[in-house]
S.K.: 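Sharing a structure below in C-alpha cells format, with a few things to ask.
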Amino acid sequence: MDYRALSQLLFPHVTETIAELEARFPERGLKEGAKVTRIAPSPTGFVHFGNLFPALVSERLAHSSDGVFLLRIEDTDSKRKVDGAVELILSSFAYYGMRFDEGALIDEGGFGNYGPYYQSLRAPIYHVFAKSLLEQGLAYPCFCTKEELEAQHAKQEALKLTPGYYGDYAPCRDLTLNEIRANLDAGKSYVLRLRSPGVPGARIRFDDLIKGTLELDENYMDAVLLKSDGIPTYHFAHAVDDHLMRVTHVVRGEEWLSTLPLHIQLFSLLGFKRPKYVHIAHLMKRTPEGGKRKLSKRQDPEATLSFYRKAGYPVEGVREYVMSVLNSNYEDWRRANPDLKLEDFPFSIQKMSASGALFDLDKLDDISKERIARMDAKSVYYELLSWCEENEPDFAARLKADPGYAEAYLSIGRGGEKPRKDFAKFSEMPQAFAFFYDDLFRITDPLPENITADEANRILDAYESAYCESDDAQAWFDRLRKLALTLGYAAKPKDYQMDPAAYRGHVGDLSAVLRLVLTGRRNSPDLYQVMQVLGAARSRARLAKRF
RNA sequence: GGCCCCGUGGUCAAGCGGCUAAGACACCGCCCUUUCACGGCGGAAACGGGAGUUCGAUUCUCCCCGGGGUCACCA
C-alpha cells in the first residue's frame with residue numbers, strides 16, 4: 001500500500017506541515033513549574049455541579065504556579081450543540097470566580113495565541129495530523145456503515161468476544177488503494193480510524209497524579225479519529241489540542257480512565273510529550289435505597305450548577321464547599337485563617353482523595369452560613385440585592401427604596417466574635433426580614449400556651465406605658481424585668497423555676513408577647529435591636545395591637 | 001460480562017507497621033440564655049470479610065464481597 005498516495009487521496013488540500021504547526025504554537029516559555037491547565041466543556045446547554053471540581057482544581061493549579069488557565073469548547077458533536085450553551089458556560093464559570101487567561105469567547109475564536117478555542121474551528125489543524133498518520137500507515141479510512149458495525153458487534157457478543165473494531169473484525173483495515181478509491185468514487189462516506197499497533201493482552205503502566213501507578217490493557221482497538229464530517233472524536237482532539245495548546249496538566253473526571261490507554265497510544269504515535277493526568281473521582285449522591293450513584297441531571301435538581309445560584313448560596317460558600325471536598329485540610333486552614341482568601345490556601349493535588357465523595361448538603365449549608373455570618377452588612381446588602389433582582393424583584397425594590405433601613409436590619413447580630421448564623425442562602429432572607437416592612441408584617445405564630453389573649457393584652461397595656469425609647473439595651477431589659485415583677489412574673493427564669501407557685505410566669509413570657517406583636521413570630525433576633533431598627537414610631541404602632 | 005477505579009463512624013476525612021484510631025458536618029444531652037441564632041462542655045458512632053507477610057497490621061500482598069466507572073462516528 002502506498003500510504004503517501006492514500007494520504008494525498010484523502011487530504012489533497014492539506015499542505016501545512018506539522019513542523020509549521022509546532023512553530024505556530026511554540027512552547028510557552030513559562031517559568032519553571034508553571035502549569036498550563038484547561039477546562040473543556042461541551043456546549044450541551046447544561047453545566048453540571050460536578051464540573052466545578054475539575055474546574056477549581058485546574059484554576060488553582062494554573063494560578064498558584066503563574067501558569068495559564070484556558071477554556072476550550074469541545075463542540076465536536078454537532079448533534080448535541082445547543083443555542084446559548086457557550087454563554088451559559090461562560091457565565092456559569094465567571095459567576096463562580098473562574099478567571100480564564102485564554103480561551104473561548106461567545107463569538108468565534110477567542111483570545112490568546114493558541115486558538116482557535118472551539119474544536120469545530122480546528123478541523124484544518126486536525127487534518128494535518130490525520131494526514132501524517134495516514135502517511136505513516138497509522139490510520140486508514142473505514143467505510144463500514146452503522147448497520148454493518150452493529151451486526152459485527154452483535155456477532156462478537158454472540159461469540160463472547162470483546163466487541164470492537166480490531167483484528168479480524170476490522171474489515172476496512174486492509175482495503176487496497178483501488179478499493180478505497182472505488183468507495184470514494186461511489187460517494188461512500190468514511191471515518192478515519194487509527195491502525196492501532198497494540199496487541200490484546202499487552203499491558204501498559206502509567207502514573208496518575210491522584211490514583212498513582214496504574215496498570216492497564218494496551219489499546220488495540222482501531223478507534224475512530226475523524227468522524228465522517230471530518231471533525232475529530234474527543235480522543236484525537238484531546239491529543240492534538242492539549243499538545244498544541246501546550247497543556248501540562250489534564251484534570252478530568254475518572255470516567256476517562258478507561259480510554260486512557262488510547263490517549264497514551266495517540267500521544268506516543270503522534271510523537272507528543274504526554275501531559276500529566278489528574279483523574280478525579282466523581283461526586284456521588286445517596287440513593288433512597290441507601291446506595292450511591294453519580295449526581296444525575298435528570299433526577300437531582302442539585303446536579304445543575306444553576307440550582308445553587310437560584311437557591312441563593314453565596315458564591316464563596318459554594319467555592320469553599322468544593323474546596324473542602326477537594327482538600328480535606330481546607331476546613332482546618334479556614335478556621336486558622338478566617339480572613340484570608342481561598343486563593344491563599346495552599347491547594348495540593350497530593351491531598352486529593354482517590355475516592356468519590358457523597359454530596360453533602362448539610363455541609364454546604366454549614367459552610368455557607370459561616371460565610372454569610374462573616375460578611376459585613378454592606379456586602380450582604382449587595383449580594384442579597386443581586387439575588388433578589390434575579391429572583392424576587394419585589395423585595396429587590398424594597399431594598400433599593402431604602403438601603404439604609406435594609407442595612408440596619410441586616411446588621412442585627414452581625415460582627416463581633418460570635419455572629420449569628422441564621423442563613424445558609426440568600427433566598428431565606430426576604431421571608432425572614434419581611435416583618436420590617438409594615439405591609440408585609442403579619443403575626444404568624446400563636447401566643448404562648450400559658451398566656452391568654454386577655455393576659456397578653458394586659459402585658460401590652462402595661463408595656464405601652466412603660467416603654468421608653470431612649471433606653472439603652474441594658475436599661476431596656478431592666479425595665480422589662482421590673483415590669484415583669486409588677487405584673488406578677490419572675491424577673492429571672494431561675495426565680496420562677498425555684499418557686500413556680502409564686503409567679504404567673506417569668507420575664508420570658510413578656511418578651512414572647514412583645515416579640516409576637518413586634519415581629520409576628522415567637523423567634524427573632526435580639527428584640528431591643530429589632531426595636532431600634534424599627535424605630536420608636538413603628539414600634540409604638542405595633543405595640544398598640546391587642547388580641 | 002471483560003477491563004479499570006474505590007472501600008476508616010450516618011457524611012467528609014486524618015492515619016502512610018506499634019495511636020486510648022484526630023478533626024469537621026449531622027445527631028443526642030448538659031451549660032449559657034427573655035425566644036431564636038451563636039458559643040462552651042460532654043455523648044453515641046468506624047478500620048467490609050478472609051487468608052497471608054511480620055514480633056506486631058487500619059496501614060503491605062492475594063482472594064472474596066460491596067460500591068462506582070467504562071465498553072459509540074457522546075464527551
Side-chain angles (χ1 to χ4, degrees), chain A residues 40-42 44 74-77 79-80 119 142 144-146 149-150 153 157 160-165 189-193 208 210-211 214-217 221 223-229 231-235 237-238 252-261 279 281-282 284 286 290-294 321 324-325 328-332 334-335 351 353-367 369 373 412-413 416-423 445 448 477 480-481 484 489 491-494 506-512 514-516 519 521-528:
Chain A
S42 302
T44 59
E74 308 234 319
D75 56 349
T76 54
D77 186 5
K79 294 187 289 295
R80 298 213 306 189
Q119 288 181 330
C142 166
C144 291
T145 63
K146 195 174 181 205
L149 291 174
E150 278 169 7
H153 192 282
E157 291 211 315
K160 296 204 189 307
L161 293 170
T162 305
Y165 209 89
S189 73
Y190 69 92
V191 299
L192 191 74
R193 284 188 186 272
D208 179 85
I210 293 180
K211 305 284 187 183
L214 268 27
E215 199 177 303
L216 309 159
D217 282 330
M221 300 282 178
V224 172
L225 264 22
L226 292 179
K227 295 182 269 194
S228 53
D229 59 3
I231 298 298
T233 54
Y234 171 87
H235 316 292
H238 156 52
R252 52 165 39 163
E254 63 182 348
E255 71 271 20
W256 292 107
L257 240 28
S258 55
T259 45
L260 193 54
H279 286 99
H282 290 135
M284 307 298 282
R286 170 73 70 207
K292 296 181 188 179
R293 60 168 162 72
K294 272 169 88 169
Y321 171 68
S324 74
V325 171
S328 65
N329 56 323
Y330 178 78
E331 289 183 82
D332 290 335
R334 169 52 77 204
R335 248 185 297 282
K351 290 222 172 277
S353 173
S355 59
L358 215 47
F359 180 75
D360 188 351
L361 204 62
D362 282 333
K363 193 77 173 187
L364 207 213
D365 280 351
D366 180 67
I367 290 175
K369 276 184 182 174
I412 294 174
E417 282 298 292
K418 300 189 259 181
R420 297 184 65 89
K421 285 162 65 171
D422 290 311
F423 305 104
D445 285 352
F477 195 58
L480 192 65
R481 285 199 151 125
Y489 291 78
K492 295 178 179 174
K494 279 267 160 60
H506 61 76
V507 63
D509 295 319
L510 270 67
S511 40
L514 297 186
R515 180 164 282 112
L516 211 49
T519 72
R521 296 193 296 257
R522 294 275 294 279
N523 302 333
S524 83
D526 183 76
L527 253 195
Y528 174 77

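Residue numbers start from 1 in every chain, and the chains themselves are labelled A, B, ... in the order their sequence lines are given, proteins ahead of strands.
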S.K.: Report the base-pairing partner of G18(B) (Watson-Crick or G-U wobble, both distances below 3.5 angstrom), or none.
M.R.: C55(B)
S.K.: Does a side chain donor of either S42(A) or T44(A) reach within less than 3.5 Å of an acceptor in the other side chain?
M.R.: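 T44(A) and S42(A) do not have a side-chain donor-acceptor pair below 3.5 Å.
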S.K.: Under 4.0 Å between a side-chain N/O of K227(A) and OP1 or OP2 of C74(B), yes or no?
M.R.: yes
S.K.: Would you say a side-chain N or O of K494(A) is under 4.0 Å from OP1 or OP2 of C32(B)?
M.R.: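 Answer yes for this pair, as a side-chain N or O of K494(A) is under 4.0 Å from OP1 or OP2.
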S.K.: Choosing from A24(B), G39(B), C73(B), which nucleotide comes nearest the side chain of K418(A)?
M.R.: G39(B)
S.K.: Go ahead and name the base partner of C41(B); Watson-Crick or wobble counts if both distances stay under 3.5 Å, otherwise write none.
M.R.: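 With both distances under 3.5 Å, C41(B) matches G29(B).
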S.K.: Considering only the C1' atoms, how many Å lie between A72(B) and A57(B), rounded to the nearest integer?
M.R.: 46 Å
S.K.: Tell me whether the OP1 or OP2 atom of A24(B) has a side-chain N or O from S324(A) closer than 4.0 Å.
M.R.: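 It does not, given that no N or O in the side chain of S324(A) lies less than 4.0 Å from OP1 or OP2 of A24(B).
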S.K.: Return the nucleotide paired to C65(B): Watson-Crick means purine N1 to pyrimidine N3 with N6-O4 or O6-N4, wobble means G-U with N1-O2 and O6-N3, both under 3.5 Å.
M.R.: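 Check on C65(B): paired to G7(B), both distances under 3.5 Å.
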S.K.: Below the 4.0 Å mark, does C73(B) have OP1 or OP2 next to a side-chain nitrogen or oxygen of R193(A)?
M.R.: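 For C73(B), OP1/OP2 do have a side-chain N/O of R193(A) under 4.0 Å.
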S.K.: Find the partner of G23(B): check Watson-Crick (N1-N3 plus N6-O4 or O6-N4) and G-U wobble (N1-O2, O6-N3) distances, both under 3.5 Å, and reply none if neither fits.
M.R.: C12(B)
S.K.: Would you say C74(B) has OP1 or OP2 under 4.0 Å from some side-chain N or O of K79(A)?
M.R.: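 It does, given that an N or O in the side chain of K79(A) lies less than 4.0 Å from OP1 or OP2 of C74(B).
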S.K.: Starting from P on G40(B), measure out to NZ on K421(A) and report it in whole angstrom.
M.R.: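 Taking atom P of G40(B) as the reference, NZ of K421(A) is at 9 Å.
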S.K.: Between L225(A) (CG) and A75(B) (P), how many Å, whole number?
M.R.: 12 Å
S.K.: OP1 or OP2 of U34(B) versus the side-chain N and O atoms of R515(A): is any pair under 4.0 Å?
M.R.: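 Answer no for this pair, as no side-chain N or O of R515(A) is under 4.0 Å from OP1 or OP2.
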S.K.: Please determine, for A72(B), whether a Watson-Crick or G-U wobble partner exists with both distances under 3.5 Å, and give it or none.
M.R.: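 Because no pair has both required distances under 3.5 Å, A72(B) counts as unpaired.
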S.K.: Could you state the atom-to-atom distance from CG of L214(A) to P of C3(B) in whole Å?
M.R.: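 Rounded to whole Å, this separation is 15 Å.
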S.K.: Expressed as a whole number of angstroms, how long is the span from I367(A):CD1 to G23(B):P?
M.R.: 18 Å
S.K.: Can you tell me which nucleotide in C6(B), U11(B), C4(B) comes closest to the side chain of L358(A)?
M.R.: U11(B)
S.K.: By nearest atom, which of the nucleotides C25(B), G69(B), U34(B) is closest to the S258(A) side chain?
M.R.: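 Of C25(B), G69(B), U34(B), G69(B) is nearest to the side chain of S258(A).
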